[in-house]
Structure formats: C-alpha cells, structure tokens
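Chain A is the first sequence line, chain B the second, and so forth, proteins listed ahead of strands; every chain is numbered from 1. Predicted model, so just to flag it, every value in this text is computed and none were measured.
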Amino acid sequence: MAVPELPEVETVRVGLERWVVGRTIAKVKVGHPRAVRRHVAGPKDFERVLAGRTIISTRRRGKYLWLPLDSGDAIVGHLGMSGQMLVQPVTAPLEKHLHIRFDFTDKGPQLRFIDQRTFGGLAVSVGGAELPQEIAHIGKDPLEESFVDKDFLVRLSGRRTAVKRALLDQTLISGVGNIYADEALWRAKIHGNRPSDELSRPAAQRLLAHVKEVLGEAITAGGTSFDALYVNVNGESGYFERGLNAYGREGEPCPRCGTAIKRSTFMNRSSFFCPKCQRER
DNA sequence: ACAAAGTCCTGCCAGC
DNA sequence: TGCTGGCAGGACTTTG
C-alpha cells in the first residue's frame, strides 16, 4: 500500500463512517505499546477508557482522522507511513502487524489497526470530539470549506524556504505529502526548490489550484475502488496505477514534453520533476 | 546496505 | 529578556 496522504486517509474515513459509526466498543486490546505512544496515560488506560463508548461520527483534517465518542472524547489517529484500519470478521486470522483490536457490543466485525513501520498510532483525546487539541497545531487542509486561499498565499509568500518544503509543512497546509507535492508541482510547472517568496502570486495561485485538483482526483479514484461492501478500510486509492505524472517515474518521458523525468534527493526524500517544464530559475 | 517518508525534536537565529 | 516563529537537519522505524 502506498504511503497515505490526504486522499487515502479520506478513503479510510469514508470506510469507517460506513462500518463503525453508531457502534459501541465492548473491548480494546493493545498488542504493541508503540501504537498508542501518543496516549500519555498508557496502553491500559487506552483500553479501559474506551470500553463502553459509542462512536458517533468520523472526522478528518489533513492526514489525521478522529472518531468522536458519546463521552465528548475522541479517538485520534494517524496512519503514518504504513498504517491501516481494517474491518475484519472476529474469526479472521490475526495480521502480522496487528497492534490494536476493537471488539464491539454487537459482536460484529472488529476494527483493527495494523502498522508495519509503526510511525502511525492512536490515542484518546480528552474532550477532543470537535477538534482534538493534539492536532490543533496542524493547519487546515485545502479541501476544508473554511480553508482561506488568501491566508495560505500570504503565509507562503512570507516564507524563504523551498516551495516543496512549504507544501510539506503541515502547519502551513495539511494533507500534502511527498507524492502529491511532486504531482502538484509538476502540474503547476514549478520546481520544488524555488524559494516560496520568489513565486509570483499567479504562480502560487496556480500551485494551490493544482494541489486541490490532484487531491480531489485521488479521492474520486479512491472512492470508486471502495464501493464493494466487503472491501476493507485500507486506504487503497486506486490512483497510483493511473494518475501519477512525475512521482516514481525517473527516466520515463514527461507526459507533457517527453523529457526524461529526473529524480533528486531533497529533504532526505526523493523528488521527481521534469527538468524542462519545471525550471529551477 | 539502502531506500521508503510520515511527524517530532533540537538547536540556532531574527525580530519584537 | 523572553517569547515566538522560521528554518534545517536529524531521529525514529521496518522490510525487502
């Protein structure tokens, strides 16, 4: 599975909306303490405080999602690089990297948190049903109604850092990761190394529009692959096979101009770009 | 051994 | 002086 960014997390949220909202948690089992390391009171407290609680809805901001509870608290989670939320029959075999299991009072399918690389995790946010304070430092994501384009553009133009770094700064704009950052930059014909404060206003506006566009398309693609009722809540977006123009395509022709896509290491991760369409200066 | 790449943390610096 | 925010780099993690 690909690293989950906003579209994949949204797909997971939709799945959870379908499968766990309205259900009451009977029992929680934490198998790996690292999966609840953000829950400061510890694994046992995590298990105890959730027993008997009813999940009343699903929410998301950027790559974070949270499940408001009837208590006014919320289960807040991040999938990290490899986290999955699976809805599985009670009888299903235990997954290799299964770290948290939720049983419900209706004895229906379990909710399972699986995470190979353990960058993800869950926690209970006290009073966090509306907006967990644990994620209050995260900026709005560009698909939220309350996201204000102008605020983002003003803050972006005040940064001296590389524009790709700015896109990945979750306090500036949330939900964009390495893959969709590269895709949006390719679409906007902007090199990720360009200093944020040197982008013209029209260029910055174009970039933001492409960020929204690529995220929206990926959500649509994910939604279609998710229709079957039995499908697990696993964040497969279906977007990766078809839609990527730059990311992961080193040496392949740019779909726009035919020039070979280049790869460079930047911020300890790979960046893919067209050296002709996306000029550094 | 390297690459993958989320978030968080630390240390440094500038400005008020 | 102390607070804040920007900034860059490193830590953490597992698997093939």
Side-chain angles (χ1 to χ4, degrees), chain A residues 1-13 31-40 60-66 76-85 95-100 113-123 125 132-141 151-185 192-199 211 215 218 234-237 239-240 244 246-251 261-273:
Chain A
M1 178 189 132
V3 174
E5 299 183 30
L6 186 156
E8 292 72 33
V9 179
E10 174 63 11
T11 301
V12 170
R13 189 197 65 75
H32 194 320
R34 186 170 154 81
V36 293
R37 65 193 181 285
R38 301 276 165 209
H39 187 79
V40 288
R60 183 191 56 72
R61 169 169 284 184
K63 305 172 198 171
Y64 280 92
L65 53 83
W66 69 98
V76 58
H78 196 290
L79 299 177
M81 288 181 66
S82 56
Q84 291 176 286
M85 300 284 251
E95 292 79 2
K96 183 172 180 190
H97 300 289
L98 173 61
H99 299 326
I100 306 172
F113 179 74
I114 293 133
D115 191 9
Q116 178 191 103
R117 294 178 194 171
T118 70
F119 276 29
L122 304 181
S125 173
Q133 79 164 52
E134 288 83 350
I135 64 172
H137 65 291
I138 296 298
K140 287 173 181 169
D141 74 55
D151 292 351
F152 167 74
L153 295 169
V154 166
R155 291 187 63 200
L156 181 69
S157 65
R159 295 288 183 97
R160 300 199 57 82
T161 192
V163 66
K164 179 165 178 181
R165 187 178 252 276
L167 282 182
L168 296 177
D169 182 345
Q170 303 297 302
T171 67
L172 192 59
I173 182 171
S174 66
V176 182
N178 197 44
I179 296 165
Y180 294 113
D182 275 3
E183 289 301 304
L185 287 164
N193 284 354
R194 294 265 303 277
S196 302
D197 62 347
E198 289 178 17
L199 283 189
V211 166
L215 293 177
N234 63 7
E236 291 286 355
S237 83
Y239 186 72
F240 287 85
L244 298 180
Y247 182 84
R249 301 191 65 239
E250 181 183 15
I261 296 291
K262 285 191 110 170
R263 170 180 175 274
S264 68
T265 302
F266 175 62
M267 288 174 62
N268 235 359
R269 60 213 63 206
S270 290
S271 290
F272 299 88
F273 61 97

**Student:** Here's a test for you: under side-chain contact (heavy atoms from CB on, under 4.5 Å), which of Ile173(A), Leu172(A), Asp197(A) qualifies with Leu156(A)?
**Tutor:** Leu172(A)
**Student:** Please classify the nucleic acid contact of Arg165(A) as base, sugar-phosphate, or nothing, using heavy-atom distances under 4.0 Å.
**Tutor:**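 If one applies the 4.0 Å heavy-atom cut-off, Arg165(A) turns out to touch a base.
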**Student:** I want to confirm an ordering. Mapping Thr161(A) and Gln116(A) to their closest nucleotides on DNA chain C, which one lands closer to the 5' end?
**Tutor:** Thr161(A)
**Student:** Could you tell me how far apart Phe272(A) (CZ) and dA4(B) (P) are, to the nearest whole angstrom?
**Tutor:** 6 Å
**Student:** As an exercise, state the distance from OG of Ser196(A) to CG of Asp169(A), rounded to the nearest 0.5 Å.
**Tutor:** 9.5 Å
**Student:** Of the nucleotides dC7(C), dA4(B), dT7(B), which has the atom closest to the Lys63(A) side chain?
**Tutor:** dT7(B)
**Student:** Taking atom types as they are modelled, would you say the side chain of Arg269(A) forms a donor-acceptor pair with the base of dG6(B) within the 3.5 Å cutoff?
**Tutor:** yes
**Student:** At what distance, to the nearest 0.5 angstrom, does OG1 of Thr118(A) lie from CE of Met81(A)?
**Tutor:**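 Atom-to-atom, Thr118(A):OG1 and Met81(A):CE are 10.5 Å apart.
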**Student:** When you check the phosphate oxygens OP1 and OP2 of dT13(C), does a side-chain N or O of Arg34(A) lie under 4.0 Å from one of them?
**Tutor:**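 For Arg34(A), the contact criterion (side-chain N or O under 4.0 Å from OP1 or OP2 of dT13(C)) is met.
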**Student:** Quick check on dC8(B): is either OP1 or OP2 less than 4.0 Å from any side-chain nitrogen or oxygen of His137(A)?
**Tutor:**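 Affirmative; the distance criterion is met.
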**Student:** Starting at the 5' end of DNA chain B and moving along, which residue's nearest nucleotide shows up first, Arg117(A) or Gln170(A)?
**Tutor:** Arg117(A)
**Student:** So, Asp115(A) versus Ser82(A): side-chain donor-acceptor pair below 3.5 Å or not?
**Tutor:** yes
**Student:** For a quick test of reading the model: is some side-chain N or O of His78(A) closer than 4.0 Å to OP1 or OP2 of dC8(B)?
**Tutor:** no
**Student:** Base, sugar-phosphate alone, or nothing: which one does Arg38(A) contact when heavy atoms must sit under 4.0 Å apart?
**Tutor:** sugar-phosphate
**Student:** From CD of Glu250(A) over to P of dA4(B), roughly how many Å is that when rounded to an integer?
**Tutor:**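 In whole Å, dA4(B) P and Glu250(A) CD are 9 Å from each other.
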**Student:** When you check the phosphate oxygens OP1 and OP2 of dA4(B), does a side-chain N or O of Arg263(A) lie under 4.0 Å from one of them?
**Tutor:**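 Checking dA4(B) against Arg263(A), a side-chain N or O does come within under 4.0 Å of OP1 or OP2.
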**Student:** Report the distance from atom NE2 of His32(A) to atom C1' of dT14(C), rounded to the nearest whole Å.
**Tutor:** 10 Å
**Student:** Say whether, by atom type as modelled, one donor and one acceptor occur between the side chain of Arg13(A) and the main chain of Glu10(A) under 3.5 angstrom.
**Tutor:** no
**Student:** Tell me whether the OP1 or OP2 atom of dA3(B) has a side-chain N or O from Ser270(A) closer than 4.0 Å.
**Tutor:** no
**Student:** Which of these nucleotides, dA4(B), dT15(C), dT7(B), is closest to any side-chain atom of Tyr64(A)?
**Tutor:** dT7(B)
